[in-house]
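Residue numbers start from 1 in every chain, and the chains themselves are labelled A, B, ... in the order their sequence lines are given, proteins ahead of strands.
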Amino acid sequence: MALSREQIAQRVAQEIQDGFYVNLGIGIPTLVANYLPDDIEVMLQSENGLLGMGQFPTEDEIDADLINAGKQTVTVAKGASFFDSAESFAMIRGGHVDLTVLGAFEVDVNGNIASYMIPGKLIKGMGGAMDLVAGAENIIVTMTHASKHGQSKLLKQCSLPLTGKGCIKKVLTDLAFIEIKEGKFHLLERAPGVSVEEIKRLTEGELVVSDNVPEMQF
Amino acid sequence: MAGFDKVVSSYEQAMAGLEDNMTVIAGGFGLCGIPENLISEIKRRGTKGLTVVSNNCGVDDFGLGVLLPGRQIKKIIASYVGENAEFERQMMANELKVELTPQGTLAEKMRAGGAGIPAFFTATGYGTPVAEGKEERQFDGRHYILEEAIKGDFAIVKAWKADRYGNLIFRKTARNFNPLAATAGKITVVEVEEIVEPGDLDPDQIHTPGIYVNRIILGSFEKRIEQRTVRCAK
């Protein structure tokens, strides 16, 4: 069965190591924070100027001066720091963030990502996404594998305006965990109960499949 | 003689000299740390044809969004412009020019503008619509694009505390673009929640030194919250 949003977040959380500085994008990536193991220390970076983001506040703790990049009210974790936007993106562009997790509309076999604009429809802007994909060595894109109408989002070539070129190496969808290298998608893991055939059918770009593709473990 | 005393007593004085077709750089992220009363003053003055540089453009009835119904903004340079119906309408009708700029590039453009750096290379936006028409260069095998600095005729800034000399302290994530905007205005106007005497702020704790600041005004703030998210108290 396809993974739920929560299960996608849960699987991403397994990639986070003790001592990691992590930037989580809006949507499914935000949910990753709910599944961090208790026995590791992780600092969440919020690109509006906070390193060490804590949980949502109680009613009493709400502070209009303390929000995350999704403009939600938050709190700070122990050891947090505040800084301005140039400093924040120095961390991001300078490659100091260990892992970035963000959503997308499309990715392709060359590691291109489209996530910010559907011409004629959705024009809201890229926010920090272009800096995040340009700056991070280690990025996981989370998205559904195909549209509701069964159209693949893992393409030979992105059709929408790009957010970044040649910068994506890992994609976790509701069906599969995929690595991008040498101009091909490589199937690393499949969602429990999802067949290789189904993943192949819903992947437009070339998909390399080994003899035995393991199911994801939760 | 006023010396270094930069405090003004009215919003009219604070924005004196703002004229049609000027460029205004504004601090703030979403509705957090925005110079809300300085924006209201621009609305009151009815100044038109402005180029506004800000990460966002407020919401329909708060923040920079209040300048839209009177068509006061000609062009906006921003990274994210959702959450605003009138904005979308003006953009789709080509009444408003929008230059979408990646958030980190926008911050660096302001920083560079204030620091006397005319342009800089960044990997952000390479191979995307943002790179169109811009010079490209490789360093160590990676592609970069040339982005130009931004300076404003005015910068409007919200800080937490100031002393009379314009030394500023920001609070929590309301800092965001404010210290960068403060450096990049020919005239930098700052509204604050508290003004203290010179010497009252610890020099080690000052985020923006007064040299960047021209005018200070004491304000009171609504501080509207865009996404009120809470957890249950246990």
Side-chain angles (χ1 to χ4, degrees), chain A residues 46-50 53 55-76 80 82-93 110 112-114 116-117 119-120 122-135 161-167, chain B residues 27 29-33 55-56 78-83 88 91-92 98 100-108 110-112 122-131 143-144 160 170-180 207-208 221-234:
Chain A
S46 190
E47 64 266 25
N48 57 316
L50 166 60
M53 179 168 57
Q55 52 190 345
F56 292 133
T58 62
E59 277 291 344
D60 294 341
E61 289 170 339
I62 283 184
D63 184 340
D65 288 340
L66 183 47
I67 64 168
N68 65 15
K71 290 149 193 166
Q72 298 169 309
T73 45
V74 291
T75 58
V76 292
F82 297 118
F83 34 84
D84 68 52
S85 302
E87 178 94 56
S88 181
F89 283 91
M91 292 174 195
I92 289 165
R93 260 191 260 98
N110 291 312
N112 298 325
I113 172 171
Y116 85 101
M117 184 182 184
L122 186 71
I123 309 171
K124 290 192 169 180
M126 67 292 283
M130 281 195 182
D131 303 280
L132 283 160
V133 298
L162 295 185
T163 307
K165 193 174 160 112
C167 48
Chain B
F29 176 90
L31 301 180
C32 183
N55 191 57
N56 315 90
S79 88
Y80 187 82
V81 292
E83 342 297 347
E88 209 162 305
M91 181 171 66
M92 294 312 233
V98 181
L100 288 176
T101 302
Q103 196 176 330
T105 297
L106 187 63
E108 197 64 13
M110 291 184 196
R111 200 192 71 78
T122 177
T124 302
Y126 167 74
T128 78
V130 166
H143 295 272
Y144 297 82
W160 180 37
F170 301 91
R171 186 170 177 274
K172 302 187 178 180
T173 57
R175 193 182 318 182
N176 56 60
F177 283 85
N178 279 300
L180 310 163
H207 297 133
T208 294
F221 299 85
E222 176 185 337
K223 292 199 189 182
R224 195 180 294 184
I225 294 173
E226 220 164 334
Q227 305 278 346
R228 176 177 286 266
T229 44
V230 293
R231 69 174 200 278
C232 293
K234 287 198 181 121

- line: OG1 (Thr124(B)) and CZ (Phe89(A)) are apart, to the nearest 0.5 Å, by 8.5 Å
Close side-chain approach of Pro129(B) and Tyr116(A), heavy atoms under 4.5 Å: yes
query: Salt bridge check: are Asp84(A) and Arg111(B) linked by an N-O gap of less than 4.0 Å?
result: no
- prompt: Of all heavy-atom pairs between Gly125(A) and Tyr80(B), which one has the smallest distance, and what is that distance?
  reply: O-CD1, 3.7 Å
field: Which portion of Glu87(A) sits near chain B, non-hydrogen atoms under 4.5 angstrom
entry: neither
- prompt: Are the side chain of Ser79(B) and the backbone N or O of Met126(A) linked by a donor-acceptor pair below 3.5 Å?
  reply: no
query: For Gly128(A), does its backbone N or O pair with a side-chain atom of Gln103(B) as donor and acceptor, under 3.5 Å?
result: yes
statement: Checked Val74(A), Asp60(A), Leu50(A), Asp131(A) vs chain B; the most non-hydrogen pairs under 4.5 Å come from Asp131(A)
- request: Measure from the side-chain N and O atoms of Thr73(A) to the backbone N and O of Arg228(B), and report whether any donor-acceptor pair falls under 3.5 Å.
  value: no
message: Counting heavy-atom pairs under 4.5 Å with chain B, which one of Ser85(A), Ala80(A), Gly166(A), Ala129(A) comes out on top?
response: Ser85(A)
message: Under the criterion side-chain contact (heavy atoms from CB on, under 4.5 Å), I'd like the reasoning laid out for Glu108(B) against Arg93(A): C-alpha separation, chi angles, the key distance, then a yes or no.
response: CA-CA 11 Å; Glu108(B) 197 64 13; Arg93(A) 260 191 260 98; 3.9 Å; yes
Interchain contact, Ile62(A) with chain B, by part (heavy-atom threshold 4.5 Å): side chain
- line: Looking only at Leu180(B), Thr105(B), Ile225(B), most heavy-atom pairs under 4.5 Å shared with chain A are made by Leu180(B)
query: For Asn112(A), is it the side chain, the backbone, both or neither that has a heavy atom under 4.5 Å from a heavy atom of chain B?
result: neither
- prompt: Non-hydrogen atoms of chain A under 4.5 Å away: do they reach the side chain of Thr122(B), the backbone, both or neither?
  reply: side chain
- prompt: Where does Met92(B) contact chain A at under 4.5 Å (heavy atoms): side chain, backbone, both or neither?
  reply: side chain
field: Atom pair CG/OG1 of Asn48(A) and Thr173(B) - distance to nearest 0.5 Å
entry: 5.0 Å
field: Heavy-atom pair count under 4.5 Å with chain A, highest-scoring of Pro102(B), Ala107(B), Ala78(B), Gly30(B)
entry: Pro102(B)
query: Between Gly49(A), Ala64(A), Ala134(A), Pro57(A), which has the largest tally of heavy atom pairs under 4.5 Å with chain B?
result: Pro57(A)
Engaged part of Ser88(A) at the chain B interface, taking heavy atoms whose separation is under 4.5 Å: neither
- prompt: Asp65(A) pairs by salt bridge (Lys or Arg N to Asp or Glu O under 4.0 Å) with which of Arg224(B), Lys172(B), Arg171(B)?
  reply: Arg171(B)
- line: In short, Arg175(B) meets Phe82(A) closest at the heavy-atom pair NH2-O, 3.5 Å
query: If you round to the nearest 0.5 Å, how far is CD1 of Ile67(A) from CG of Asn176(B)?
result: 7.5 Å
- prompt: Phe29(B) and Ala69(A): which non-hydrogen atoms are nearest, and at how many Å?
  reply: CZ-O, 3.5 Å
query: Which region of Asn56(B), side chain (C-beta onward) or backbone (N, CA, C, O), has a non-hydrogen atom less than 4.5 Å from a non-hydrogen atom of chain A, or is it both or neither?
result: side chain
